[in-house]
Amino acid sequence: MNGRDEESAEPDEAASSPACGLAQGKAARCFRDAAPGPVKGSPEAGPSGSPHPRANGVAGPVARDGARARQLSRVDEDIVRLVGQHLAGMGLSQTAERLMQESGCRLEHPAATKFRAHVLDGEWDKAEGDLNELKPMLHSSNAIVRMRFLLLEQKYLEFLEDGDLLEALQVLRQDLTPLKYNPERVHLLSGYLMCSNKEELLDKAVWDGKGIASRTKILDKLQTYLPPSVMLPPQRLHTLLQQAVEMQQQRCRFHNSQMEVNLEKASLLVDHVCSRKELPCCTRQILAEHCNEVWFCRFSNSGTRLATGSKDSTVIIWHVDSETHQLKQPRMLEGHTYGVSYLAWSPDDNYLIACGPDDCSDLWLWDTQTWELKVKMSHSHEDSLVCASWSPDGRRFVTGGQRGQFYQCDMDGNVLDSWEGVRIQCAWYMKDGRTVLASDTHQRIRSYNFEELTDRNVIQEDHPIMSFAVSRDGKFALLNVATQGVHLWDLQQHMLVQRYQGLTQGCYTIHSCFGGSNEDFIASGSEDSKVYVWHRKSEKPVAVLSGHARTVNCVSWNPAVPSMLASASDDGTVRLWGPALKTDEDDESNGNVLLLLLFSMLALIVSCRKGDITSTRTLCYQIHPPISTRPPPIEDSFKDTLSVVVYMVEAHLIS
């Protein structure tokens, strides 16, 4: 958010970038030291003091009562101008003028003030004349042509609305066309001459009509070509505050919300803070329907279903309740030889592919609408089909394994193309519909084009790649590397971006995933029976989830519910994780209090056995104070039991 000069940039690009709004300090000082008084006839507010867009052009004398202008730093001048613009935009024109007077600053160049007034008043000839005065202040000669085109376009449309076709035609032929700028737009504008009424014109031109609304919009576009030292971009302070809130959210390690930034709901007085408990960190549900190790789990693309595959040769599909976010109504698909180690949903979620482990040569394609097996693919008994990935159009898929098979197939399981001798562990169809990424036994990921039959190296690791996943935008790949852990690679730059710490990754196949809002988070299972969650930009975990009893083989983040995470483990269960609820915090607090009371009880018993009457009586009152000072009960049953024990001890001491 720090300002900087960008003199080499195009005016339209420079003025619209976040960096340009706090620049041009030297020019601003010139306006402060040598600028004349306010421009005659430049109003700053509407009738009765109501806000007026022209209020942005406050121009007061250099210093109040002839006093010497204050010497402000460039940053202070920028802040004063930003505050002045915001006040003027709120209709507080006199307050903005007083601020300019006392600071010795000028909100904008006098020529810009005139230009603003003429545009908002619809005085197009005068506005064109103002461009000649503004021309030396522009960085690009092309900017003046673009600004003139915008003025003439507004002038032309207003003539059309007024029904003055001859004047509109003259602007089109004698002014717009000779500019030789954007001929496609000129051709489109000429078609508006055929509009039979005002409503048709407004509809076709997507225009607000003659008046302050459309003129304000055109002024906002014109401002993008002017340096900020001449005229501040519209609502610049609001834009900077919006960017500040967005940046704080981006830097927050726990922010996991899909809500858009809204300054009305965000506090500008404190920094943005999220709690780790807003992440999926607590077990919300345990699914124990499988009767053996669970090897894989994956949410559907819509996030409405979860499929789990197990060593028990079954696939279970769960429905996600949209209100409670609980999984229910399981549907079991049976008959998978050797178990199910990989699942792949079609883009429309109407089909599901199930693959087995290394010694399985079959692939099952299920129709998830009718729950019927569409096709069982078995190309050769020597095959090993351990992974699959769908094309973006859902008409084809690729599959393969470590015995040298790599096929592209249609929906009926027919092999369309094959890549001989390629031993793959995992595959991923890219969004372009032509490229497939596949990890092989040479510790690398290569890109394969089945149409052109070309391949190339994309990633090279030093250890075997057990599995990988690609982000939704196709820019990053998340690798589980044997004995190394989880690595994040930039697929465009072909470089390692991050090594994530904490998990235990040996030689088992563990599937990690992207997830959360905007896929800002990464999750992975681990051989230490835990689930690890990282922010994509941080190598240390932001959450470590305990609950499973054996290796966690796979995790899947719900693409529609950023707070829902599923994990599959060798302990035969699938766990659904969600954010901490208030009841969880209360239970944890109660548990801590109960634990403290139990320790006090032990101390009470020890002191009683030693015959220390004073210590015993003190402990009695600590554990169970007199009625007038007792805190609210935690658990009635526990309190009653405790009361009996304490009173028995007191009775023993008295006797």
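These numbers come from the heavy atoms of this one structure, side chains and all, not from hydrogens, waters or symmetry mates.
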Between atom [atom1] of [X] and atom [atom2] of [Y], what is the distance when rounded to the nearest 0.5 Å?
{"X": "Met231", "Y": "Gln223", "atom1": "CE", "atom2": "CD", "answer": "5.0 Å"}
{"X": "Thr435", "Y": "Arg446", "atom1": "OG1", "atom2": "CZ", "answer": "13.0 Å"}
{"X": "Leu237", "Y": "Leu232", "atom1": "CG", "atom2": "CG", "answer": "10.0 Å"}
{"X": "Asn449", "Y": "Asp455", "atom1": "CG", "atom2": "CG", "answer": "9.5 Å"}
{"X": "Leu165", "Y": "Cys195", "atom1": "CG", "atom2": "SG", "answer": "10.5 Å"}
{"X": "Glu97", "Y": "Leu92", "atom1": "CD", "atom2": "CG", "answer": "12.5 Å"}

The criterion is side-chain hydrogen bond (donor to acceptor under 3.5 Å, both in side chains); which residues satisfy it with [X], sequence neighbours excluded?
{"X": "Asp203", "result": "none"}
{"X": "Gln369", "result": "Asn350"}
{"X": "Lys221", "result": "none"}
{"X": "Tyr407", "result": "Asp383"}

Exercise. Given the side-chain rings of Trp345 and Phe299, with only the six-membered ring counted for Trp, is the space between their centroids under 6.0 Å?
Worked result: no

Exercise. Is it true that Tyr448 and Phe406 have ring centroids separated by less than 6.0 Å?
Worked result: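 Yes, close enough.
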
Using side-chain contact (heavy atoms from CB on, under 4.5 Å) as the criterion, list what pairs up with [X], not counting sequence neighbours.
{"X": "Glu199", "value": "Asn197"}
{"X": "Lys537", "value": "His535"}
{"X": "Lys431", "value": "none"}

Polar side-chain atom of [X] near backbone of [Y] as donor-acceptor pair, under 3.5 Å:
{"X": "Arg536", "Y": "Glu519", "result": "yes"}
{"X": "Asp162", "Y": "Asp164", "result": "no"}
{"X": "Asn301", "Y": "Ser346", "result": "yes"}
{"X": "Gln85", "Y": "Arg236", "result": "yes"}
{"X": "Glu161", "Y": "Lys210", "result": "yes"}

For this session: Might you work through the salt bridge (charged side-chain N to carboxylate O under 4.0 Å, His left out) test for Glu77 and Arg81, ending with a clear yes or no?
Result: CA-CA 6 Å; Glu77 287 183 9; Arg81 293 181 65 207; over 6 Å; no

For this session: Answer yes or no: are there more than 12 heavy-atom neighbours, outside Leu268 itself, under 6.0 Å from its atom CG?
Result: yes

Work out which heavy atom in [X] is nearest to a heavy atom in [Y]; give both atom names and the distance.
{"X": "Ala427", "Y": "Ser389", "answer": "O-CB, 3.6 Å"}
{"X": "Pro392", "Y": "Met430", "answer": "CG-O, 3.4 Å"}
{"X": "Ala112", "Y": "Leu134", "answer": "N-CD2, 4.0 Å"}
{"X": "Trp557", "Y": "Met564", "answer": "CD1-O, 3.2 Å"}
{"X": "Leu202", "Y": "Asp208", "answer": "CD2-C, 4.2 Å"}
{"X": "Thr368", "Y": "Tyr351", "answer": "OG1-N, 3.7 Å"}

Exercise. Can you name the ring pair (Phe, Tyr, Trp, His ring centres under 6.0 Å) partners of Phe397, sequence neighbours left out?
Worked result: Trp390

Problem set entry | Tyr192: ring pair (Phe, Tyr, Trp, His ring centres under 6.0 Å) partners, not counting sequence neighbours |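 So Tyr192 forms no ring pair (Phe, Tyr, Trp, His ring centres under 6.0 Å) with any residue.
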
Exercise. Below 4.5 Å, heavy atoms only, C-beta onward: do Trp207 and Glu158 meet side chain to side chain?
Worked result: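 Trp207 reaches Glu158 side chain to side chain.
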
For this session: With the side chain counted from C-beta on, respond yes when Ile79 and Leu72 share a heavy-atom pair under 4.5 Å apart, and no when they do not.
Result: no

Result block: side-chain N/O donor-acceptor pairs under 3.5 angstrom for residues 173-183, not counting sequence neighbours:
unit_1	atom_1	unit_2	atom_2	d
Gln174	OE1	Gln170	NE2	3.3
Thr177	OG1	Leu172	O	2.7
Asn182	OD1	Arg185	N	3.3

Exercise. What do the steps show when you test Leu138 against Met147 for side chain to side chain contact (heavy atoms under 4.5 Å, CB included), and what is the final call?
Worked result: CA-CA 11 Å; Leu138 304 179; Met147 294 177 72; 4.1 Å; yes

Exercise. Taking only residues two or more places apart in sequence, or in another chain, which ones meet Asp432 in a salt bridge (charged side-chain N to carboxylate O under 4.0 Å, His left out)?
Worked result: none

Problem set entry | Positive for side-chain contact (heavy atoms from CB on, under 4.5 Å) with Leu491, one of Ile445, Asp473, Val470 | Val470

Problem set entry | Ionic contact status for Asp349 with Arg305, cut-off 4.0 Å | no

For this session: Return each pair, listed once, that meets salt bridge (Lys or Arg N to Asp or Glu O under 4.0 Å) where at least one residue sits in residues 128-139; pairs must be two or more places apart or across chains.
Result: Lys114-Glu133, Glu128-Arg148

